[in-house]
Engineer: 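The structure's right below; bear with me while I get my questions together.
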Amino acid sequence: MRCLMPLLVAPHLARAATLSGAAPKRVVFLGTPSVAARSLELLLEGSRAGRAAFELAAVVSQPPARAGRKMRLTPSPVHALAEAEGLPLFTPPDARDEPFLRALGELQPDLMVTAAYGCFLPRRFLELPKYGTLNIHPSLLPLYRGAAPVQRCLEAGDAVTGVSVAFTVLKMDSGPILRQVRRPLTGDEQAPELLLELFETGTEQLLEALPSVWDGSCRHVQWEQEHERATAAPKLTQAEAVLNFDTLSAAEAHNRVRGFAAPAGPGCSCALQLGDAPPVRAKLMRTRVGAETVPPTQELSLGQGGKAVLFVCGDGSVLEVISLTLPGKKPVEAKSFWNGLNGRSARWLTSEQATEVK
């Protein structure tokens, strides 16, 4: 089915008015992954608590996709939550779908809210809501516009990130900013946990800002982005997730492990030679950067009192690997991995040596 929409109205939409007598504003939420489902959860809590005089009129998510070993069609986390809550639901192939746009128009939404929806929003869509469309974007816009803002921020080793609540315009992530919160980084955060935190913060900021949207006062506090400072945050690729220690420093490898961590990304891997066995590709789960520079070597060693496997990069910087995963195995801490070698040697392979490793 191209577009899903239950015929029954959700029970909480039956309330015709707020305590003040004014009809609640009709909000449509668009999102797909688990972090967006958390935003939807918080919006539902806010609506039921009577915050900002609004109701969730419908939810929009991407269609079910094939996932898991059996590649079964699986609804997105936002889709699943909407169904569980009895909310009217759309799953169009994209936001330009004609039946979807007609059905959405019949709802007469006051405001759209997007959180990691993942589809281009056409002009006709943006013209539907009376008060426009607000997007929760996990970056300090205009920095990191695009599909992977947190991932690219961590990959770059930035000292600060944040979340923006901005109005949506045709050009991606370029609309006026209504709220923005900065979040200093320690250098150890990973993308999945940080994404969740930023979407929670952004949703709270949106809830606080809604009254100013309804009464129009937001026009006096929102600000235009400094478009000349814009940076891009393109989707992560599998090729980027392969760590070549002959060309990367420990800091670069560490930041890529943080930014590409699953499930927000593909996870980072490297090719290892363990004894005389065929080379394998291991996934690095948790890392940190060593304090010292040493003579370059491909040989791995156990350091930090058994708490880290030491990878010496081509420039002599040291990546301390705290946990990793071998093919077909569960993640293990450094000492368990080392004990599992049973005295065998272990070394990382250069990009040329690893060409045949799958």
Engineer: Return yes when atom CD of Gln108 has more than 12 non-hydrogen atoms of other residues, nucleotides or ligands closer than 6.0 Å, and no otherwise.
Structural biologist: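 It does not: Gln108 CD has 12 such atoms or fewer within range.
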Engineer: Measuring from atom CG of Leu195 to atom CZ of Arg38, what distance do you get when rounded to the nearest 0.5 angstrom?
Structural biologist: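 One finds 14.5 Å between CG of Leu195 and CZ of Arg38.
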Engineer: Under the side-chain contact (heavy atoms from CB on, under 4.5 Å) rule, what do Leu324 and Leu284 come out as? Steps first, then yes or no, please.
Structural biologist: CA-CA 4 Å; Leu324 67 163; Leu284 306 188; 4.0 Å; yes
Engineer: Membership question, hydrophobic clusters at under 4.5 Å side-chain separation (ILVMFWY): are Leu272 and Val242 in the same one?
Structural biologist: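 Result: no, two separate clusters.
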Engineer: Taking Leu141's backbone N and O only, do any of them form a donor-acceptor pair with Gln225's side chain (distance below 3.5 Å, no angle check)?
Structural biologist: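 Here the side-chain-to-backbone pair does not exist.
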Engineer: Considering only heavy atoms from C-beta outward, does the side chain of Met112 approach that of Thr168 to under 4.5 Å?
Structural biologist: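 Side chain of Met112 against side chain of Thr168, heavy atoms only: no contact under 4.5 Å found.
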Engineer: With rounding to the nearest 0.5 Å, note down the distance linking CD in Glu204 to CZ in Arg179.
Structural biologist: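 It comes to 9.0 Å.
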Engineer: Kindly indicate whether the side chain of Leu274, heavy atoms from C-beta on, has any atom under 4.5 Å from the side chain of Phe337.
Structural biologist: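 They are in contact (side-chain heavy atoms under 4.5 Å apart), so the answer is yes.
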Engineer: Would you indicate whether Asp276, at its atom CG, is surrounded by more than 12 heavy atoms from other residues, nucleotides or ligands within a distance under 6.0 Å?
Structural biologist: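 Not buried by this count: 12 neighbours or fewer within 6.0 Å.
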Engineer: Which pair of non-hydrogen atoms, one from Phe245 and one from Cys270, has the smallest distance, and what is that distance?
Structural biologist: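 Answer, listing the atom of Phe245 first, then Cys270: CE1-CB, 3.6 Å.
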Engineer: Using every non-hydrogen atom in the two residues, find where Val169 and Gly175 come nearest and quote the distance to one decimal.
Structural biologist: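 It is CG2-N, 3.6 Å.
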Engineer: Would you say Gln62's side chain and Tyr117's backbone share a donor-acceptor pair under 3.5 angstrom?
Structural biologist: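 Yes: the side chain of Gln62 pairs with the backbone of Tyr117.
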Engineer: Treat each ILVMFWY residue as a node, draw an edge where side-chain heavy atoms are under 4.5 Å apart, and state whether Leu206 and Val213 are in one component.
Structural biologist: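 Yes: a chain of side-chain contacts under 4.5 Å links Leu206 to Val213.
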Engineer: Taking the side chain as everything from C-beta on, heavy atoms only, tell me whether Asp158 gets closer than 4.5 Å to Val160.
Structural biologist: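 SC-SC contact between Asp158 and Val160 ruled out.
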Engineer: Return yes if some donor-acceptor pair links the side-chain N/O of Lys283 with the main-chain N/O of Pro266 below 3.5 Å, else return no.
Structural biologist: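 Checked: pair present.
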Engineer: Can you tell which of Lys307, Glu333, Met285 makes a side-chain contact (heavy atoms from CB on, under 4.5 Å) with Ile322?
Structural biologist: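 Considering Lys307, Glu333, Met285, a side-chain contact (heavy atoms from CB on, under 4.5 Å) with Ile322 is found only for Glu333.
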Engineer: For residues 104-126, which residue pairs pass the salt bridge (charged side-chain N to carboxylate O under 4.0 Å, His left out) check, not counting sequence neighbours?
Structural biologist: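 Non-adjacent pairs meeting salt bridge (charged side-chain N to carboxylate O under 4.0 Å, His left out): Glu98-Arg124.
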Engineer: Taking atom CZ of Arg51 as the centre, report whether more than 12 heavy atoms of other residues, nucleotides or ligands fall under 6.0 Å from it.
Structural biologist: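 More than 12 within 6.0 Å, yes.
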Engineer: Out of curiosity, Arg66 CZ to Leu73 CG, how far, rounded to the nearest 0.5 Å?
Structural biologist: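 One finds 4.0 Å between CZ of Arg66 and CG of Leu73.
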Engineer: Quick check against the 3.5 Å criterion: does Arg288 have a side-chain atom that pairs as donor or acceptor with the backbone of Glu320?
Structural biologist: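 Absent.
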Engineer: What class does the angle between the rings of Phe90 and Phe100 fall in, given that below 30° is parallel, 30 to 60° is tilted and above 60° is perpendicular?
Structural biologist: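 Taking Phe100 first and then Phe90, their aromatic rings stand perpendicular (interplane angle over 60°).
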Engineer: Output yes when a side-chain donor or acceptor of Trp338 lies under 3.5 Å from a complementary backbone atom of Val309, and no otherwise.
Structural biologist: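 Answer holds: no.
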Engineer: When rounded to the nearest 0.5 angstrom, what is the spacing between CZ in Arg281 and CG in Leu349?
Structural biologist: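 Arg281 atom CZ to Leu349 atom CG measures 8.5 Å (nearest 0.5 Å).
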Engineer: Indicate yes or no for a side-chain donor-acceptor contact from Arg256 to the backbone of Ala253 under 3.5 Å, with no hydrogens or angles considered.
Structural biologist: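 Not a single qualifying donor-acceptor pair exists.
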Engineer: Any side-chain donor-acceptor pair under 3.5 Å between Ser39 and Thr203?
Structural biologist: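 Yes, because at least one side-chain N or O of Ser39 sits under 3.5 Å from a partner of the opposite role on Thr203.
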Engineer: Should Val35 and Glu200 count as side-chain neighbours, where that means a heavy-atom distance under 4.5 Å?
Structural biologist: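 Of all side-chain heavy-atom pairs linking Glu200 with Val35, none is under 4.5 Å.
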Engineer: Closer than 4.0 angstrom, basic N to acidic O: yes or no for Glu240 and Arg152?
Structural biologist: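 Judged by the 4.0 Å cut-off on N to carboxylate O distance, Glu240 and Arg152 do form a salt bridge.
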Engineer: Is there a side-chain contact (heavy atoms from CB on, under 4.5 Å) between Leu87 and Leu44 once you walk through the steps?
Structural biologist: CA-CA 10 Å; Leu87 292 167; Leu44 279 167; 4.1 Å; yes
Engineer: Could you tell me whether the side chain of Ser164 and the main chain of Ser139 form a donor-acceptor pair under 3.5 Å?
Structural biologist: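 Present.
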Engineer: Go through the side-chain N and O atoms of Gln298 and Gln273 and say whether any donor and acceptor fall under 3.5 Å apart.
Structural biologist: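 Gln298 vs Gln273: no donor-acceptor pair found between side chains.
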Engineer: Check whether any side-chain heavy atom of Cys313 lies under 4.5 Å from a side-chain heavy atom of Ser249, and answer yes or no.
Structural biologist: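 No, side chains not in contact.
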Engineer: Do Ile136 and Leu42 belong together in a cluster built from hydrophobic side chains that touch within less than 4.5 Å?
Structural biologist: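 Different clusters: Ile136 never reaches Leu42 through Ile, Leu, Val, Met, Phe, Trp or Tyr contacts under 4.5 Å.
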Engineer: Under 4.5 Å between side-chain heavy atoms, hopping through other hydrophobics if needed: is there a path connecting Leu43 to Tyr131?
Structural biologist: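 The answer is yes; both residues are in one hydrophobic cluster.
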Engineer: Do Leu128 and Val28 have side-chain heavy atoms sitting under 4.5 Å apart?
Structural biologist: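 Result no, sub-4.5 Å side-chain heavy-atom pair not found.
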Engineer: Given 3.5 Å as the limit, does a donor-acceptor pair link the side chain of Asp173 with the main chain of Gly146, or not?
Structural biologist: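 Present.
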Engineer: side-chain contact (heavy atoms from CB on, under 4.5 Å), that's the test. Do Arg344 and Leu341 meet it? Break it down for me.
Structural biologist: CA-CA 5 Å; Arg344 292 178 295 166; Leu341 291 174; 4.1 Å; yes
Engineer: Nearest heavy-atom pair of Thr133 and Phe125: which atoms, and what distance?
Structural biologist: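 Scanning both residues completely, I find the closest heavy atoms to be OG1-CE2, 4.0 Å.
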Engineer: Compare all side-chain heavy atoms of Val294 with those of Leu310 and state whether any distance is below 4.5 angstrom.
Structural biologist: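 The answer is no; the side chains never approach within 4.5 Å.
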Engineer: Using the side-chain hydrogen bond (donor to acceptor under 3.5 Å, both in side chains) criterion, which residues pair with Gln222? Sequence neighbours excluded.
Structural biologist: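 Applying side-chain hydrogen bond (donor to acceptor under 3.5 Å, both in side chains) to Gln222 gives none.
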Engineer: Closest heavy-atom contact between Trp223 and Leu178?
Structural biologist: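 In terms of heavy atoms, the two residues are closest at CZ3-O, 4.0 Å.
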Engineer: Can you check whether Pro122's main-chain N or O pairs, donor with acceptor, with Arg96's side chain at less than 3.5 Å?
Structural biologist: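 No; zero donor-acceptor contacts below 3.5 Å.
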Engineer: Are the aromatic rings of Phe311 and Trp348 close, with centres under 6.0 Å apart?
Structural biologist: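 No.
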Engineer: Give a yes or no on whether Leu107 and Leu30 share a hydrophobic cluster (residues Ile, Leu, Val, Met, Phe, Trp, Tyr; joining criterion: side-chain heavy atoms under 4.5 Å apart).
Structural biologist: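 Leu107 clusters together with Leu30.
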Engineer: How far does CZ of Phe167 sit from CG of Asn135, to the nearest 0.5 angstrom?
Structural biologist: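 So the gap between those two atoms works out to 11.5 Å.
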Engineer: Compare all side-chain heavy atoms of Leu326 with those of Val332 and state whether any distance is below 4.5 angstrom.
Structural biologist: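 Result no, sub-4.5 Å side-chain heavy-atom pair not found.
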Engineer: Could you measure the distance from the OG atom of Ser351 to the CG atom of Leu243? Nearest 0.5 Å is fine.
Structural biologist: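 Answer for the OG-CG pair, Ser351 versus Leu243, is 12.0 Å.
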Engineer: Where is the tightest heavy-atom contact between Cys153 and Leu185, given as atom of each residue plus distance?
Structural biologist: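 Closest approach of Cys153 to Leu185, heavy atoms only: SG-CD1, 4.1 Å.
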Engineer: Applying side-chain hydrogen bond (donor to acceptor under 3.5 Å, both in side chains), name anything that partners Glu197, two or more places apart in sequence or on another chain.
Structural biologist: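 Once residues adjacent in sequence are excluded, the partners of Glu197 under the side-chain hydrogen bond (donor to acceptor under 3.5 Å, both in side chains) criterion are Arg183.
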Engineer: For Arg286 and Val257, run side-chain contact (heavy atoms from CB on, under 4.5 Å): C-alpha distance rounded to whole Å, both residues' side-chain angles, the deciding distance at 0.1 Å, then the answer.
Structural biologist: CA-CA 7 Å; Arg286 292 274 174 181; Val257 169; over 6 Å; no
Engineer: Report yes or no: does His137 contribute a side-chain atom to a donor-acceptor pair with the main-chain N or O of Tyr144 at less than 3.5 Å?
Structural biologist: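 A pair under 3.5 Å: yes.
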Engineer: Minimum heavy-atom separation for Ala37 to Val78, with atom names?
Structural biologist: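 The answer is N-CG2, 3.4 Å.
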